[in-house]
Every structure is written in structure tokens, then in C-alpha cells.
Amino acid sequence: MPDLISIYEKLFSVFGHQNWWPGETEDEIAIGAILTQNTAWKNVEKAIQNLKQANLCSFSAIFSAEEERIKKLISPAGFFNSKAQYLKNFASWLHHKGGFSRLKEYSCRKLRSELLSIKGIGEETADSILLYVLSCPFFVVDAYTRRLVHRHEITSSNRYGEIQKIFMENIPLDIELYKNYHALIVKLGKTYCKRNPRCDVCPLREFL
DNA sequence: CACCAGGAATGTA
DNA sequence: TACATTCATGGT
């Protein structure tokens with residue numbers, strides 16, 4: 001079983017620095033994290049473009065907008081009934097807190113538990129927002145990450161916390177490393193080995 | 001036409 | 001705890 005550092009170095013040597021998460025503002029990043037739940041990123045881009053065009057790509061705007069209007073704008077991202085409500089829920093929470101800038105005084109652990117208490121924010125979405133917006137060191141475990149660890153037999157567990165624990169106990173505690181590693185895993189997943197564990201061109205084939 | 005995509009909530013056993 | 005179902009659009 002290859003160690004996680006070796007995999008990271010291999011991925012970095014192939015793909016280089018990633019400069020992720022896509023999104024120009026804190027709000028846009030968090031909105032994207034919610035909209036991309038079980039949805040192709042391409043569809044999320046359309047939804048975000050619609051929100052921008054309507055000047056609704058911020059939580060302060062979403063907070064006071066009609067929910068039906070949000071639904072129509074984000075419809076390309078699917079599950080619009082649920083996601084419109086999720087965006088509203090997050091917007092209410094953020095409004096109550098007074099914005100992202102007022103969250104600096106909270107511990108990362110506290111922030112995580114608060115995010116998880118919002119309906120529509122699960123572990124992956126919470127950690128994505130924590131890592132990419134709030135600079136908290138939580139490793140993001142997504143579908144690509146699960147596939148990677150299972151394919152490489154790093155663990156047989158499919159539990160979120162279990163997989164996250166393995167990463168956080170085996171790589172240095174470094175925000176930028178967490179961001180880059182996650183981004184590289186997604187880059188790998190989007191580029192190669194979608195369903196074929198032994199595809200010839202996968203950069204990690206030496207580990208398979 | 002079947003299957004899936006950077007999940008989460010809800011219900012069942 | 002471990003699965004199953006539901007939510008919905010657009011690409012392959």
C-alpha cells in the first residue's frame with residue numbers, strides 16, 4: 001500500500017499546483033460547495049452564472065431574495081427545491097453571525113459543529129467551506145477521495161470520518177497542503193480512471 | 001435509453 | 001451502524 005505522501009508527490013509531479021477552489025469570492029466558493037452536491041461542476045457553473053447575472057451571488061442577496069427566484073436561477077444544478085432551501089438556511093445562519101469576517105473568533109471545531117447543524121450542510125460541504133473559506137485544517141473527503149483510498153486499499157472503511165482521519169494523521173497539518181491534495185485528487189478523478197481501475201494512462205498506475 | 005455527477009436528509013432494519 | 005430512497009438537471 002502506497003503512503004499518502006508518495007501519492008501526493010506523484011500527483012503534484014504530474015499536475016502541479018492547482019490553485020483551487022474555483023470561485024472569486026468567499027460567498028461564491030460556499031455557494032458552489034452547496035450547489036455541487038452530487039452534481040457535475042459544469043452544471044454548477046451555469047447556476048452560478050445565473051446568480052451573478054441576477055446579482056444574487058452573495059448570501060446577503062440570497063437572504064432577502066424570493067426563494068422561488070433562487071430556484072429558477074439554480075435549476076441547472078439540479079435538486080433546486082432542496083438547494084434553494086439550503087442556500088437560504090446558510091444565508092440565515094451567516095446573517096445571524098454577521099458575515100464571514102465575524103467568524104475569526106470561533107475555534108475551527110466550533111465552526112464545524114455549527115455548520116453541521118445547518119440543514120443541507122453535511123460533512124463534505126462543511127469541510128469544503130471550512131478549508132477553502134475559513135482556513136480551517138479539515139481534509140475534504142469527496143467521491144474521488146473515497147475511490148482513491150479504496151482502489152489503493154488504504155482502507156476498506158467507507159466512513160467519512162475514518163477516511164478523513166487517515167489523511168489527517170498521515171500528512172503534515174498544513175492548510176495549503178490540504179487544499180492542494182484535495183484539488184489534485186479531484187483533478188486525477190476528473191481526468192482519469194473514472195470507472196476502470198487499471199486504465200493505462202492513469203498517472204498512479206504504478207501504485208495499482 | 002441508461003447511467004452518472006466534487007451529497008444530504010430521511011426512513012428502515 | 002449500515003443500507004435504501006428521494007431529490008432533478010445536463011452530459012455521455
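Ring planes of A/Phe63 and A/His95: parallel class, angle under 30° (limits at 30 and 60°).
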Dump the intermediate steps for side chain to side chain contact (heavy atoms under 4.5 Å, CB included) on A/Leu111 and A/Leu103, then the final yes or no.
CA-CA 8 Å; A/Leu111 285 174; A/Leu103 298 175; 4.1 Å; yes

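Atom CD1 of A/Ile118 is separated from atom P of B/dA8 by 12 Å (rounded to the nearest Å). B/dG7 atom P lies 16 Å from atom CD1 of A/Ile74, rounded to whole Å. Rounding to whole angstrom units, NZ of residue A/Lys190 and P of B/dC4 are separated by 17 Å. Summarising the geometry, the separation between CG on A/Asp127 and P on B/dG7 is reported as 13 Å, rounded to the nearest angstrom. Summarising the geometry, the separation between CD1 on A/Ile121 and P on B/dA9 is reported as 8 Å, rounded to the nearest angstrom. Taking atom CG on A/Leu35 and atom P on B/dA5, their separation rounds to 18 Å, with Å as the unit. Put simply, CD on A/Gln85 is 17 Å from C1' on B/dG7, counting in whole angstrom units.
Under the 4.5 Å side-chain contact rule for hydrophobic residues, A/Phe79 and A/Tyr86 do not share a cluster.
If you take atom P in C/dA4 and the same atom in B/dC3, they sit 16 Å apart, rounded to whole Å. When the P atom is compared between B/dT10 and C/dA8, the two are found 14 Å apart, to the nearest whole Å.
Test A/Arg147, A/Glu153, A/Arg146 against A/His150 for side-chain contact (heavy atoms from CB on, under 4.5 Å) and you get one pass: A/Arg146. Under the ring-ring contact (aromatic ring centres under 6.0 Å, His included) test applied with A/Phe167, the options A/Tyr8, A/Tyr178, A/Tyr181 reduce to a single match, A/Tyr181.
Where A/Ala143 and A/Lys119 meet DNA chain B, the nucleotide closest to each residue was compared, and A/Ala143 sits on the side nearer the 5' end. Looking at which nucleotide of DNA chain B each of A/Gly120 and A/Thr36 is closest to, the 5′-most match is held by A/Thr36.
Within 4.0 Å of A/Ile34, counting heavy atoms only, lies no atom of the nucleic acid at all.
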In B/S/- notation (B base, S sugar-phosphate only, - none; protein heavy atoms under 4.0 Å), nucleotides 2-12 of chain C written 5' to 3' is S----BBBSS-

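Taking the charged nitrogens against the carboxylate oxygens, A/Lys52 and A/Glu28 do have a contact shorter than 4.0 Å, which makes a salt bridge. Contact check on A/Glu114 versus A/Lys110 returns a salt bridge, with a Lys/Arg side-chain nitrogen under 4.0 Å from an Asp/Glu carboxylate oxygen.
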